[in-house]
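Numbered from 1 within each chain, the chains take letters A, B, ... in sequence-line order. Quick caveat, the model's predicted, so the values are computed rather than measured. Any value given below was found using the heavy atoms of this structure, including those in side chains, with hydrogens, waters and symmetry copies removed.
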2 protein chains.
Amino acid sequence: MTKPSDQTRGGRPVALQPDERAEQRILDAAHTVFVRRGTAGARMQEIAEAAGVNQALLHYYFRSKDRLAEAVFRRAAMQLLPSVIAVLASKADLEEKVTRVVQLELDHLLRTPHLPGYIISELTHHPDRARQFISALTGVTPEHVRPRVLRTLGAQIRQRVRRGSMRPIAPEQFVVNLLALCIFPFAARPMLEVMLGLDHQRFARFVARRRRELAPFFLRALRP
Amino acid sequence: MTKPSDQTRGGRPVALQPDERAEQRILDAAHTVFVRRGTAGARMQEIAEAAGVNQALLHYYFRSKDRLAEAVFRRAAMQLLPSVIAVLASKADLEEKVTRVVQLELDHLLRTPHLPGYIISELTHHPDRARQFISALTGVTPEHVRPRVLRTLGAQIRQRVRRGSMRPIAPEQFVVNLLALCIFPFAARPMLEVMLGLDHQRFARFVARRRRELAPFFLRALRP
DNA sequence: GTCTATATGTTGATAGAC
DNA sequence: GTCTATCAACATATAGAC
């Protein structure tokens with residue numbers, strides 16, 4: 001078994017080899033197809049066509065559909081909450097954290113609007129994905145950071161509460177509320193489009209407005 | 001083609017016939033399996049076993065997997081926003097609407113926690129579902145009601161704003177924020193469980209707390 | 001209405017040439 | 001590394017007996 005990633009190329013930053021480019025093209029194509037159809041609904045043939053290669057090559061690089069799906073999911077999971085955890089764990093004060101998370105997340109989701117639906121879909125239908133999701137996160141932020149995010153937030157909140165400038169709120173509720181307000185509109189986009197009669201253009205305007213108003217909305221809810 | 005629903009039984013409220021009970025059992029079993037595996041990942045055989053019937057009977061009643069999936073989705077879509085639209089369209093004042101929507105939705109989702117993930121998954125992967133979703137809604141609330149929900153909410157908001165007791169907010173943002181805060185925790189439950197280290201019991205407590213605190217949280221965000 | 005048995009078409013995966 | 005050709009395993013759907 002000689003997988004391309006096992007080969008040594010001397011470690012120098014060379015231009016991508018043909019094989020690497022093929023592997024990358026396959027991964028990108030798989031991402032597109034898996035996101036659109038879901039893992040179970042995706043067809044290896046469609047991925048191969050989208051990548052401009054033969055179906056056998058998919059197995060050459062990734063061995064099975066399952067492993068390919070796992071590779072795609074891992075990469076996608078690392079994208080969903082990239083900067084968010086970093087921001088929440090930072091030393092910035094709460095107002096700034098909220099404002100920056102909203103901007104970062106909405107800007108990012110505007111570029112990859114289908115990501116939330118895909119992640120949610122995978123996590124609900126594929127039991128093992130939860131483990132893979134957490135290990136993908138620990139690839140970005142070390143294992144011990146996440147519990148610390150909650151403790152840090154909790155400390156910041158308690159400090160505010162003591163000062164009388166904030167209502168008490170559990171840090172878990174804080175995080176979930178913030179993520180919900182950012183992510184849900186994209187995850188539920190098809191539902192919202194038919195419910196509210198939004199076409200693509202209106203949805204874009206809807207999000208643009210949200211980008212300005214969401215952080216103030218959230219922060220008002222925290223006032224005493 | 002003699003479908004059981006075409007048969008006349010005199011219109012009197014009789015006990016369910018064997019056939020009806022089979023059809024119902026199939027629909028329930030299909031719901032369970034489709035929700036767990038997703039439409040593409042579900043197998044007719046598994047549904048048949050769960051319903052305690054033969055696979056051929058599924059086709060006898062529903063003709064194809066696709067039609068069965070459509071029937072299941074339509075029923076599920078009617079469940080997701082059952083009372084919510086009714087409450088939002090009612091004459092109650094805004095505080096009461098918010099409070100009641102939170103209670104109704106969280107209570108309902110506690111009983112069917114997998115519904116949001118399933119609906120979102122279907123809508124993102126199956127393009128035609130959007131049409132079916134809206135027609136399922138119009139089965140519950142007449143077509144002309146939903147635009148009126150937004151107008152009604154808009155009028156109530158403007159009234160408050162004029163009185164100085166509320167910040168301006170577009171009714172679309174109002175509705176999406178409210179739904180996001182209610183539904184997202186369930187749709188993203190597997191993600192939140194690993195991110196926040198919640199087991200099932202902790203998640204239940206998390207939601208119980210949310211049931212008390214969410215409406216006040218939301219209403220504070222609306223204050224001037 | 002409900003079953004068993006089977007046809008028919010896909011799909012993921014492999015073998016082997018180049 | 002990349003291709004063509006092909007296999008074996010399902011999964012959906014139907015035929016036909018009871």
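- Side-chain N or O atoms of A:K65 include none that pairs as donor or acceptor with a backbone N or O of A:M44 at under 3.5 Å.
- For B:D66, the salt bridge (Lys or Arg N to Asp or Glu O under 4.0 Å) test picks out no residue, with sequence neighbours left out.
- Side-chain N/O atoms of B:Y61 include one lying less than 4.0 angstrom from OP1 or OP2 on C:dT2.
- Between A:R37 and A:E46, at least one side-chain N (NZ, or NE/NH1/NH2) sits under 4.0 Å from a carboxylate O, which counts as a salt bridge.
- No donor-acceptor distance shorter than 3.5 angstrom exists from the side chain of A:T112 to the backbone of A:L109, with no hydrogens or angles considered.
- Of the possible donor and acceptor atoms, none in the side chain of A:H108 sits under 3.5 Å from a partner among the backbone N and O of A:L80.
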Quick one: which protein N/O atoms are closer than 3.5 Å to N/O atoms of nucleotides 14-18 of chain C? Pair and distance per line, please.
none

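- Picking from C:dT2, C:dA13, D:dT2 the nucleotide with the shortest atom distance to the side chain of A:S64 gives C:dA13.
- Contacts of A:A48 with the nucleic acid, taken as non-hydrogen atoms under 4.0 Å apart, are absent.
- Within 4.0 Å of A:A42, counting heavy atoms only, lie sugar-phosphate atoms of the nucleic acid but no base atom.
- Residues meeting the salt bridge (Lys or Arg N to Asp or Glu O under 4.0 Å) test with B:D28, sequence neighbours left out: B:R75.
- Atom-to-atom, CZ of A:R43 to P of D:dC10 comes out at 15 Å; the value is rounded to the nearest Å.
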